[in-house]
Amino acid sequence: MANILRMDFYRAVRSKSLWILLGSLVVLGIVAMGSLNYMLSPEFLETMQNAGNVASGSGFRFGVTTPGGDQIDMNEISQSIAQAQYTVSGLTPMALVGNIFMNGGGLACLFVVFIAIFFAAEFENGFSKNVFTASPSRTVFLVARVVETVLLAVVFTLVTVGATLAGAAVFGIEMQAASAGDMALWFALVVLVLSGMGMLTALFVWLTRKMAAGIAIGIVVGSGLVVALVEAVLSLFPSVADLGDFTLYGCMRSLGYGIGVDGGLSSVHIAAVCLVFLVGYAVLSLLILKKKDI
């Protein structure tokens, strides 16, 4: 297995897609912090307030029309921005990263795209034949892929957190302090969620041998589209409305607000759900690998 891991990480380091996706996370983190810094600045709030005063003095009502047809004037918008500024200043580092990259599944989507590209490439370029020549055991192959998925999840999470917090430091965005223990626990849980989503993506890659299929199912799961549809249906049945909390996206969404937040899922709950999905997808993957020729 050590030889498989060594060969795969050599492939990963030489893969352009890895550096493009990691670079995208860095750029998104810095741009998001720069935009947030401007929106939190007194100058931005003053600009919005001045625009509202000018509009009021001219006799015109200047504002925003919502999809429902309601009018929100500039003064109300300014008050909302002031409230948002107060709220953001009280976010922990975990919640700050989560609001940008997890609520909506941005980090998960970029991660599963790379997993699909990386695992599908070995079938397209014939690399898998070399792997099974050196080590014909499907179990060893799968264990190596699980280890790689977890380690790649660590890399993607580390880059995302590092870029976001570095951007926050550069632009002087203040955050609420969080203990090193809470940060480490949150980081580990994020890695678990990403690993579960990565194994689901790998499962479809091994089932279909198609990169596009793996990318498609990974993005659908990572973005929460399936969970949103299921929760919409479950909302009609209050007794089972909380089943969305037992999904990987439900856990990711909760981690988007940090850990220990009122109304959020407990760390034990998230860890248990993620491990069940991770092990379950790994077992299904082993069955597929044993039945399909390479």
Side-chain angles (χ1 to χ4, degrees), residues 1-28 101 105-163 190-223 248 252 274 277-286 288-289 292-294:
M1 188 174 73
N3 289 332
I4 296 176
L5 292 172
R6 184 169 58 252
M7 288 188 295
D8 278 350
F9 283 117
Y10 178 77
R11 280 199 307 131
V13 170
R14 292 176 59 86
S15 171
K16 292 181 180 179
S17 58
L18 174 65
W19 300 110
I20 291 173
L21 292 171
L22 290 180
S24 298
L25 288 171
V26 172
V27 172
L28 287 172
F101 286 102
L107 171 59
C109 288
L110 291 177
F111 175 69
V112 297
V113 165
F114 177 72
I115 291 295
I117 294 172
F118 185 61
F119 286 171
E122 61 188 348
F123 296 102
E124 296 180 353
N125 60 23
F127 180 77
S128 58
K129 295 181 180 180
N130 296 330
V131 173
F132 283 100
T133 299
S135 178
S137 172
R138 301 297 199 266
T139 303
V140 172
F141 174 86
L142 177 64
V143 172
R145 295 299 178 269
V146 173
V147 172
E148 290 164 8
T149 301
V150 174
L151 292 179
L152 287 169
V154 171
V155 171
F156 270 73
T157 306
L158 188 61
V159 170
T160 301
V161 173
V190 173
V191 169
L192 271 179
V193 175
L194 290 179
S195 299
M197 292 181 176
M199 284 307 300
L200 173 62
T201 304
L203 171 64
F204 275 83
V205 169
W206 294 325
L207 179 64
T208 64
R209 298 294 195 267
K210 301 295 184 182
M211 182 185 300
I215 292 175
I217 191 64
I219 290 178
V220 167
V221 173
S223 63
L248 289 173
M252 175 69 80
C274 293
F277 275 103
L278 181 61
V279 174
Y281 290 144
V283 171
L284 291 174
S285 297
L286 184 59
I288 291 170
L289 288 170
K292 296 199 71 171
D293 293 331
I294 302 299

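Numbers here simply count residues along the sequence, with the first being 1.
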K.L.:
Can you see which heavy atom on Cys274 is nearest to which on Val193, and at what distance?
P.N.:
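Closest heavy-atom pair between Cys274 and Val193: SG-CG2, 3.3 Å.
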K.L.:
side-chain contact (heavy atoms from CB on, under 4.5 Å), that's the test. Do Leu18 and Val13 meet it? Break it down for me.
P.N.:
CA-CA 7 Å; Leu18 174 65; Val13 170; 5.5 Å; no
K.L.:
Do Met211 and Ile117 have side-chain heavy atoms sitting under 4.5 Å apart?
P.N.:
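Answer yes - side chains close enough.
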K.L.:
Calculate, to the nearest 0.5 Å, the distance between atoms CG and CG belonging to Leu203 and Leu284 respectively.
P.N.:
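Taking CG in Leu203 and CG in Leu284, the distance rounds to 6.0 Å.
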K.L.:
Taking the side chain as every heavy atom from C-beta outward, state whether Leu28 and Phe101 have any pair of such atoms under 4.5 Å apart.
P.N.:
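Yes, close enough: below the 4.5 Å cut-off.
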K.L.:
Should the ring pair Phe111 and Phe156 be called parallel, tilted or perpendicular, given that the plane angle runs from 0 to 90° and is split at 30 and 60?
P.N.:
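Aromatic pair Phe111/Phe156 classed perpendicular.
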K.L.:
When you compare the side chain of Glu148 with that of Ile115, does any pair of heavy atoms fall below 4.5 Å?
P.N.:
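No, too far: nothing below the 4.5 Å cut-off.
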K.L.:
How many angstroms lie between atom CG of Leu192 and atom CG of Leu278, to the nearest 0.5 angstrom?
P.N.:
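It comes to 7.0 Å.
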K.L.:
Could you tell me which non-hydrogen atom of Ala213 sits nearest to which non-hydrogen atom of Thr208, and how far apart they are?
P.N.:
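So the two residues come closest at CB-OG1, 3.4 Å.
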K.L.:
Looking at CG of Leu152 and CG of Leu21, how far apart are the two atoms once the value is rounded to the nearest 0.5 Å?
P.N.:
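Here the rounded value is 11.0 Å.
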K.L.:
Distance check, rounded to the nearest 0.5 Å: Leu286 atom CG versus Thr139 atom OG1?
P.N.:
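Reported to 0.5 Å precision, the distance equals 4.5 Å.
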K.L.:
What's the separation between atom CD1 in Ile215 and atom CD1 in Ile217, rounded to the nearest 0.5 Å?
P.N.:
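It comes to 12.5 Å.
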K.L.:
Please find the pair of heavy atoms, one from Ala153 and one from Ser195, that lie closest to each other, and give the distance.
P.N.:
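Smallest interatomic distance, heavy atoms only, reads CB-OG, 3.7 Å.
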K.L.:
If every non-hydrogen atom of Gly222 is compared with every non-hydrogen atom of Cys109, which pair is closest and at what distance?
P.N.:
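Closest heavy-atom pair between Gly222 and Cys109: C-SG, 4.0 Å.
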K.L.:
Does any part of the side chain of Val147, heavy atoms only, come nearer than 4.5 Å to the side chain of Leu5, both counted from C-beta?
P.N.:
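Side chain of Leu5 against side chain of Val147, heavy atoms only: contact under 4.5 Å found.
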K.L.:
So do the side chains of Thr149 and Met197 get within less than 4.5 Å of each other, counting heavy atoms only?
P.N.:
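When only atoms from C-beta onward are counted, Met197 and Thr149 do not touch, as no gap falls below 4.5 Å.
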K.L.:
Could you report the tightest heavy-atom contact between Ala282 and Val146, atom names first, then the distance?
P.N.:
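Ala282 and Val146 have their closest heavy atoms at CB-CG2, 4.3 Å.
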K.L.:
Mind listing the closest non-hydrogen atom pair of Leu142 and Ser285 along with its distance?
P.N.:
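Shortest heavy-atom separation between Leu142 and Ser285 comes out as CD1-CB, 3.8 Å.
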K.L.:
Roughly how far apart are Leu248 CG and Met199 CE, rounded to 0.5 Å?
P.N.:
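Leu248 atom CG to Met199 atom CE measures 12.0 Å (nearest 0.5 Å).
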K.L.:
Among residues at least two apart in sequence or on other chains, which ones pass side chain to side chain donor-acceptor pair (under 3.5 Å) with Ser17?
P.N.:
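Partners of Ser17 by the side chain to side chain donor-acceptor pair (under 3.5 Å) criterion, ordered by chain and then number, come out as Ser15.
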K.L.:
Report the residues that fulfil ring pair (Phe, Tyr, Trp, His ring centres under 6.0 Å) with Tyr281, sequence neighbours left out, ordered by chain and then residue number.
P.N.:
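If we apply the ring pair (Phe, Tyr, Trp, His ring centres under 6.0 Å) test to Tyr281, skipping adjacent residues, the hits are Phe277.
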K.L.:
Quick check with a 6.0 Å cut-off and a 45 degree axis cone: is Arg6 positioned over the face of Tyr10's six-membered ring?
P.N.:
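No, Arg6 and Tyr10 do not form such a contact.
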K.L.:
Going through the checks in order, is the side-chain contact (heavy atoms from CB on, under 4.5 Å) test met by Val221 and Val112?
P.N.:
CA-CA 9 Å; Val221 173; Val112 297; over 6 Å; no
